[in-house]
Amino acid sequence: MVRVFGHYIPRALVMLVGLELALLAATYYLGIWLRFIGDPGGLAEVEPLQGKAITYALVVMACMIAMGLYTRHSRDGTAQLVLRLGVSLVLGLTVMVVLFYIFPGLAIGRGAFALVLLFSGAALIASRLLFQHIGTVDGLKKRILVLGTGQRASVIDRLMRRKADRRGMSIVGYVQLGDDPPQVKGRVFLHSDEPLPDLVRRHRIQEIVVAVDDRRRNFPIREIVECRLLGIDVLDIISFVERQCGRILLEHLYPGWLIYADGFYHSGMRAVWKRIFDVSVSLAMLAVFWPLMLLAAISVAVDSRGPILYRQVRVGEHGREFRVLKFRSMTVDAEKEGAQWAQKNDARVTRCGGFLRKYRIDELPQLFNVLKGEMSFVGPRPERPEFVRELSGKILYYAERHRVKPGITGWAQINYPYGASERDAEEKLTYDLYYVKNYTVFLDLVILLQTAQAVLWKRGGR
């Protein structure tokens, strides 16, 4: 893993981004060269190409991120991959056409641009197939040994049961300490049969994950120190899952880890940059989507009786309450019996409201909450006071999600489906805590781009 501005990104994914940026720029040059081969005058009209190639590569790359082509645990087959690439190129074409009109100096001609898109599509498909093949080569994977075979170690089995979850790494086995009964499905080594350093050398281990249920007995501290001095990385299971899964385990979280772990930086400059990001994105969204918001308002008014906007009390930063704005998507008497979780196929949702919720259009008025400073564009979703009081009493560390401003979208929203239960709230908290610990403007930008795929593929709306 590579840590970029506090956010963990698989090393292979970073290499893929670099490769595909280079391919996009190269295919831009190739398309132009083939279009104007034998026509020096035509080529002179579109030069210089450096700035145009970089702009094109960045635009298409942003569209690919928005289509979910750089998610860390993608499980798409070849057909789904080609579909996402196709949508990315069409979206990139649309953005570039708009840029051609705004900045005429970027224009290169329809024939040349058609060749660029054709070569880009072929190059991207080839790079993806190569990436999928390389990901299956065991010799290129990081070799990991898990210390422990009990409940904590079984978490790794549960969270990384698919090949996509283990991309770039190979769990060689689990080391049993004492006579603890194994609760894992992988290969188990009996530690008493061989010293840990010898086991590490024999299996060419590069990293040890400490996932022992009870460190007070049978814990080989001296052997672990020796392994560390041999150059082997040593991580506890909380840090390992944070790095690999982008979430923080609640069931094994303890105060000492929170005290010594890096992150949780809330400097003044970081707050300033985040506010600039929030205002800039909100104003841009309003400028683009105001016709859609107007149409949504008319649809709500025509579809059912009641107000167009729905104002509801939510809990914000540091526990302060505010009124969130949404297009009304339920009947007026939806909560006559008190606050309720939204359910799948909820009978309280209006015909128009179902469409608005599925594509997150009902949340667009929250852009005004962002401009007022009550919310951020990216952050944990604001919850109702009734649910916050209930969940804070049942879920450890639930109140910590209010250390930052709530958001219209967030890390939990793009990684976990819509939550409508206490169990869902606990699962989403594992992602919210990761965001609170590691948030930066860079991570906000990643979440913003990946939110597009959640909307396009209708993930999470209810």
When you compare the side chain of Pro382 with that of Lys405, does any pair of heavy atoms fall below 4.5 Å?
no
How about Tyr254: does its OH atom have over 12 heavy atoms from other parts shown lying under 6.0 Å from it?
yes
So Leu258 and Tyr397, do their side chains get closer than 4.5 Å, heavy atoms only?
yes
Please examine the side chains of Tyr310 and Val324, heavy atoms only from C-beta on, and report whether any two atoms are closer than 4.5 Å.
no
Verify whether the ring centers belonging to Tyr439 and His7 lie closer than 6.0 Å.
no
For a 4.5 angstrom cut-off between non-hydrogen side-chain atoms, does Leu230 reach Val200?
no
Is any side-chain heavy atom of Met375 less than 4.5 Å from a side-chain heavy atom of Phe322?
yes
A quick test of your reading: do over 12 heavy atoms of other residues, nucleotides or ligands sit less than 6.0 Å from CZ of Arg323?
no
Establish, from distance only, whether the side-chain atoms of Gln206 and Arg204 form a donor-acceptor pair under 3.5 Å.
no
Please test Met61 against Leu21 for side chain to side chain contact (heavy atoms under 4.5 Å, CB included), starting from the C-alpha separation and ending with a verdict.
CA-CA 7 Å; Met61 179 68 64; Leu21 274 174; 3.4 Å; yes
Close side-chain approach of Phe189 and Tyr174, heavy atoms under 4.5 Å:
no
In terms of side-chain heavy atoms, does Glu400 have a donor or acceptor partner in Tyr398 at a distance below 3.5 Å?
no
Go through the steps to decide whether Phe103 and Thr55 satisfy the test side chain to side chain contact (heavy atoms under 4.5 Å, CB included), and finish with yes or no.
CA-CA 12 Å; Phe103 305 104; Thr55 301; over 6 Å; no
Kindly indicate, with the supporting measurements, whether the criterion side chain to side chain contact (heavy atoms under 4.5 Å, CB included) is fulfilled by Leu286 and Phe368.
CA-CA 9 Å; Leu286 284 172; Phe368 295 105; 4.0 Å; yes
Is any side-chain N of the basic residue among Asp262 and Arg3 closer than 4.0 Å to the acidic one's carboxylate O?
yes
Ionic contact status for Lys274 with Glu317, cut-off 4.0 Å:
no
With rounding to the nearest 0.5 Å, note down the distance linking CH2 in Trp411 to CG in Leu433.
14.0 Å
Stepwise side-chain hydrogen bond (donor to acceptor under 3.5 Å, both in side chains) test for Asp444 and Tyr435
CA-CA 9 Å; Asp444 282 0; Tyr435 177 79; 2.6 Å; yes
Pair Ser170-Arg143, side-chain donor/acceptor within less than 3.5 Å:
no
Pairing donors with acceptors under 3.5 angstrom, does anything connect the side chains of Gln176 and Thr149?
no
Is the count of non-hydrogen atoms from other residues, nucleotides or ligands lying under 6.0 Å from Arg11 atom CZ greater than 12?
no
Inter- and intrachain pairs under salt bridge (Lys or Arg N to Asp or Glu O under 4.0 Å), touching residues 361-376, at least two apart:
Lys326-Asp362, Glu363-Arg381, Lys372-Glu374
Please tell me whether Trp273 and Thr440 have a donor and an acceptor in their side chains that are separated by less than 3.5 angstrom.
no
Parallel, tilted or perpendicular: which one describes the rings of Tyr434 and Tyr8, with boundaries at 30° and 60°?
tilted
4.5 Å side-chain heavy-atom contact, Val313 and Pro385
yes
Just by distance, no angles: are the side chains of Tyr56 and Ser120 close enough, under 3.5 Å, to form a donor-acceptor pair?
yes
Does CZ in Arg403 sit with more than 12 non-hydrogen atoms of other residues, nucleotides or ligands closer than 6.0 Å?
no
Before accepting this row, confirm whether a basic side-chain N of the pair Glu194/Arg202 lies closer than 4.0 Å to the acidic partner's carboxylate O.
yes
May I ask you to decide if the ring planes of Phe277 and Phe377 are parallel, tilted or perpendicular, using 30° and 60° as cut-offs?
perpendicular
Give the ring-plane orientation class for Phe355 versus Tyr359, where under 30° counts as parallel, over 60° as perpendicular and anything between as tilted.
tilted
Steps toward salt bridge (charged side-chain N to carboxylate O under 4.0 Å, His left out) verdict (Glu242, Lys437)
CA-CA 10 Å; Glu242 178 193 11; Lys437 179 177 182 291; 2.9 Å; yes
Evaluate Lys142 against Glu207 for salt bridge (charged side-chain N to carboxylate O under 4.0 Å, His left out), listing each step before the verdict.
CA-CA 8 Å; Lys142 190 171 190 177; Glu207 183 173 271; 3.1 Å; yes
Determine whether Glu226 and Arg222 satisfy the following criterion, salt bridge (charged side-chain N to carboxylate O under 4.0 Å, His left out), listing intermediate values before the conclusion.
CA-CA 6 Å; Glu226 183 177 346; Arg222 291 186 179 180; over 6 Å; no
Apply salt bridge (charged side-chain N to carboxylate O under 4.0 Å, His left out) to residues Glu426 and Arg247 and explain how you reach the verdict.
CA-CA 12 Å; Glu426 187 172 356; Arg247 58 195 295 188; over 6 Å; no
Taking the side chain as every heavy atom from C-beta outward, state whether Ile205 and Ile144 have any atom pair closer than 4.5 Å.
no
Do Asp157 and Ser154 have side-chain atoms, one donor and one acceptor, less than 3.5 Å apart?
no
